[in-house]
Amino acid sequence: MKMNKTLLSAAVAVGLLSTSTVTQAAGFQLAEYSATGLGRAYAGEAAIADGADAQWRNPAMLTYLEGTQVSVGGIYVNPNIDIDGTSTSMMGKTTSSNSSDFAHSAVIPNFYVSHKYNEKFALGFAAGTNYGMETDLGKDFGGANHGNEASVTTMELNLNAAYQVLESVSIGGGIRYIMAEGSFGAVSTANSLVPMPQGTALKYMEGDDTAWGWQVGTAWQINENNRLGFTYKSEVDLTLEGHANGVAFDAVADALGTPVKSKYNGSMQLALPATAELASFHQLSDKVAVHVSVNWTNWSSFKELVADIPEFGPARTQDIKQENWEDNYRFALGTTYQMTPKLALRSGIAYDTSAVSEEHRTATIPETDRTWLSIGAGYQWSEQLTLDAGFTYILAKDAKMVEDDASSAPFGGHFEGEVTGSIWLVGIQANYRF
């Protein structure tokens with residue numbers, strides 16, 4: 001796959017980037033940027049500077065990091081997502097549509113470097129990911145005509161800088177470079193109206209893209225024990241380019257009198273939404289600190305998917321799928337307890353609201369509300385080295401869905417089901433100060 005995004009099908013873009021929707025954050029986001037923050041359910045992240053990883057959520061926090069620091073780690077994600085439903089053909093034949101553990105496990109790595117240039121100015125570099133995962137419902141899934149597999153892999157590189165404009169106020173910003181690739185597939189089912197072998201590719205697409213974005217942040221040290229942080233990440237516009245194949249595309253080509261091919265070049269516009277976080281940090285005593293975050297994601301910008309296939313001439317643009325998502329919010333509360341001079345214990349709870357209402361939820365993207373329960377610890381191994389670990393259990397709210405998309409009616413018509421599941425997250429991280 002060349003670095004560009006797959007653009008050709010409704011479930012595509014979403015299926016791709018949304019494998020993560022079934023698991024971690026809302027939409028197709030990944031919240032897992034550090035094991036340190038994982039232990040407190042990512043509460044107060046835009047106002048805390050534990051290590052070089054702080055710049056990922058708020059570049060202004062770079063001014064709080066002394067000397068040169070390096071953070072490296074990874075988070076293991078183990079989703080357990082099941083779907084149970086029925087698929088009904090245009091002829092009224094009903095088939096059971098069930099799939100277990102269809103979201104694949106993954107390891108999310110990260111790497112950060114910060115450097116305090118002088119008392120007021122600091123620089124940073126970050127490498128991580130905001131999107132990614134993989135799902136496979138299987139070719140035997142009764143609703144596979146709506147989508148049976150999806151994957152996405154992304155990498156984001158940041159260059160950040162921060163400046164202390166006042167004794168109590170810092171500002172920061174950075175340039176984001178995003179690389180992504182993904183795939184989506186849908187196959188025929190046993191009850192397809194149009195006769196064809198089960199598992200025949202109806203739609204398959206893969207592709208990739210690179211794009212630029214930006215982020216800004218600020219931190220206000222109210223007093224010695226209280227701090228506020230705010231950060232904003234820009235929307236990132238992607239033109240997903242790649243190739244598509246399958247019966248659905250062949251049918252369009254045949255109807256237009258254009259050559260039926262094994263692959264069709266195409267593209268689709270997809271915007272990764274803008275996000276914002278307001279966070280606070282409160283040192284209640286020598287041993288106890290409390291932190292809070294409220295996050296917002298502009299998912300309401302994701303209304304529909306439209307494919308652009310130049311080979312189809314006047315009919316090159318085709319409506320693929322109506323999504324009609326809505327803005328999502330996340331609320332998190334965390335604590336840090338300094339048990340000994342070397343050992344810090346963390347805990348947190350968070351609630352993610354769904355970016356999709358029940359009437360617009362689909363099997364490909366079974367987006368739903370999620371509750372996070374987290375614990376973690378940090379141990380200062382030496383004056384320079386700190387080791388962190390975090391553990392989170394995410395409980396996804398049971399959610400019903402109904403798919404009755406006219407564009408897929410010839411291949412199955414109607415799907416109705418319910419998604420259930422949970423996710424385990426385990427992370428480790430090392431922070432070194434020079």
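Note that the structure is predicted; figures quoted are calculated from it, not measured. Starting from 1, each residue takes its place in the sequence as its number.
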Legend entry - side chain to side chain donor-acceptor pair (under 3.5 Å) between D237 and T239, intermediate numbers included: CA-CA 7 Å; D237 295 319; T239 299; over 6 Å; no

Inset, instruction - Check the pair I75, V107 against side-chain contact (heavy atoms from CB on, under 4.5 Å), reporting the backbone distance first and the verdict last. - result: CA-CA 6 Å; I75 296 175; V107 175; over 6 Å; no

Inset, instruction - Working to the nearest 0.5 Å, report the span between CD1 of I394 and CG of D352. - result: 7.5 Å

Legend entry - Side-chain donor-acceptor contact under 3.5 Å, D369 with T371: no

Inset, instruction - Would you confirm whether S422, through its side chain, and L395, through its main-chain N or O, come within 3.5 Å as a donor-acceptor pair? - result: no

Inset, instruction - May I ask you to decide if A355's main-chain N or O and N328's side chain share a donor-acceptor pair within less than 3.5 Å? - result: no

Legend entry - Side chains of N158 and E156, donor plus acceptor under 3.5 Å: yes

Legend entry - For the student: nearest non-hydrogen atoms of G85 and N98, plus distance: N-OD1, 3.3 Å

Validation: residues 117-124 side-chain donor-acceptor distances under 3.5 Å, sequence neighbours left out:
{"unit_1": "N118", "atom_1": "OD1", "unit_2": "K120", "atom_2": "N", "d": "2.9"}
{"unit_1": "N118", "atom_1": "OD1", "unit_2": "F121", "atom_2": "N", "d": "2.8"}

Legend entry - F111 and V113, any side-chain heavy atoms less than 4.5 Å apart: yes

Inset, instruction - I would like to know whether K233 and Q215 meet side chain to side chain donor-acceptor pair (under 3.5 Å); could you show each step before the answer? - result: CA-CA 4 Å; K233 294 180 184 289; Q215 61 184 351; 2.3 Å; yes

Legend entry - P273 side chain reached by E235 side chain, heavy atoms, under 4.5 Å: no

Inset, instruction - Hey, could you give me the CD1/OH distance between I423 and Y393, rounded to the nearest 0.5 Å? - result: 8.5 Å

Legend entry - Results of side chain to side chain contact (heavy atoms under 4.5 Å, CB included) for W212 - residues two or more places apart only: I175, Y177

Inset, instruction - Determine whether more than 12 heavy atoms belonging to other residues, nucleotides or ligands lie under 6.0 Å from atom CH2 of W214. - result: yes

Legend entry - Side-chain heavy-atom pair S234, R176 within 4.5 angstrom cut-off: yes

Legend entry - Considering all heavy atoms, the nearest N58-G217 contact: OD1-CA, 3.2 Å

Legend entry - CG/L157: more than 12 non-hydrogen atoms of other groups inside 6.0 Å: yes

Inset, instruction - Using modelled atom types only, decide if a donor and an acceptor are shared between the side chain of T218 and the backbone of S170 within a distance under 3.5 Å. - result: yes

Inset, instruction - Consider only side-chain N and O atoms of T386 and R433, and report whether a donor and an acceptor are under 3.5 Å apart. - result: yes

Inset, instruction - Report yes or no: do N431 and D50 form a side-chain donor-acceptor pair below 3.5 Å? - result: no

Legend entry - Polar side chain donor-acceptor pair, E32 to Y42, under 3.5 angstrom: no

Legend entry - Closest contact, heavy atoms only, G172 versus A60: N-CB, 3.7 Å

Legend entry - T297 and T275: CA distance, side-chain angles, deciding distance, side chain to side chain donor-acceptor pair (under 3.5 Å) verdict: CA-CA 4 Å; T297 303; T275 65; 5.7 Å; no

Inset, instruction - Could you check F249 against I309 for side-chain contact (heavy atoms from CB on, under 4.5 Å), going step by step and ending with a plain yes or no? - result: CA-CA 10 Å; F249 297 107; I309 302 180; 3.9 Å; yes

Inset, instruction - Give a yes or no answer on whether the side chain of D327 reaches the backbone of S300 with a donor-acceptor pair at less than 3.5 Å. - result: yes

Legend entry - With P310 via side chain to side chain contact (heavy atoms under 4.5 Å, CB included) - residues at least two apart: D308, R316

Legend entry - Shortest non-hydrogen contact between A279 and S293, atoms and distance: CB-OG, 3.5 Å

Inset, instruction - Find out whether W372 and L425 are in side-chain contact, i.e. whether some heavy atom of one side chain is under 4.5 Å from a heavy atom of the other. - result: yes

Inset, instruction - Could you go through the ring-ring contact (aromatic ring centres under 6.0 Å, His included) check for F391 and W424 one step at a time? - result: CA-CA 8 Å; F391 172 82; W424 299 92; 5.5 Å; yes

Legend entry - Y432 ring center near F434 ring center (under 6.0 Å): yes

Inset, instruction - Check whether the side chains of T368 and S354 place a donor and an acceptor atom closer than 3.5 Å, and report yes or no. - result: no

Legend entry - Audit row: Q380, L385, side-chain contact (heavy atoms from CB on, under 4.5 Å) steps and yes/no: CA-CA 6 Å; Q380 189 169 341; L385 178 63; over 6 Å; no

Inset, instruction - Name the orientation class of the two ring planes belonging to W56 and Y112 (parallel below 30°, tilted from 30 to 60°, perpendicular beyond 60°). - result: perpendicular

Inset, instruction - Step by step, work out the side-chain contact (heavy atoms from CB on, under 4.5 Å) result for S374 and R346. - result: CA-CA 8 Å; S374 303; R346 306 182 181 100; over 6 Å; no

Legend entry - Any D398 side-chain heavy atom under 4.5 Å of E418 side chain: yes

Inset, instruction - Determine, for E277 against R57, whether the closest basic-nitrogen to carboxylate-oxygen distance falls under 4.0 angstrom. - result: yes

Inset, instruction - Spell out, as yes or no, whether a donor-acceptor pair under 3.5 Å connects the side chain of R227 to the backbone of A47. - result: yes

Inset, instruction - Specify whether H243 and Y204 have parallel, tilted or perpendicular ring planes, treating 30° as the upper limit for parallel and 60° as the lower limit for perpendicular. - result: tilted

Legend entry - Among Q283, H291, R40, side-chain hydrogen bond (donor to acceptor under 3.5 Å, both in side chains) partner for T336: H291

Inset, instruction - Using a 4.5 Å cut-off on heavy atoms from C-beta on, say whether the side chain of D53 contacts that of N110. - result: no

Legend entry - Side-chain heavy atoms of I83 within contact of F141, under 4.5 Å: yes

Legend entry - Nearest non-hydrogen partners of I81 and G421, listed with the distance: CD1-CA, 4.0 Å

Inset, instruction - Can you establish whether the number of heavy atoms outside W296 located under 6.0 Å from its atom CH2 is more than 12? - result: yes

Legend entry - Student check: side-chain heavy atoms of T210 and I178 closer than 4.5 Å: no

Legend entry - Minimal non-hydrogen separation, L62 against A162, with atom names: CB-CB, 3.8 Å

Inset, instruction - Working to the nearest 0.5 Å, report the span between CG of N245 and OG of S262. - result: 7.5 Å

Legend entry - Interatomic spacing from CG in N298 to OH in Y232 - rounded to 0.5 Å: 7.0 Å

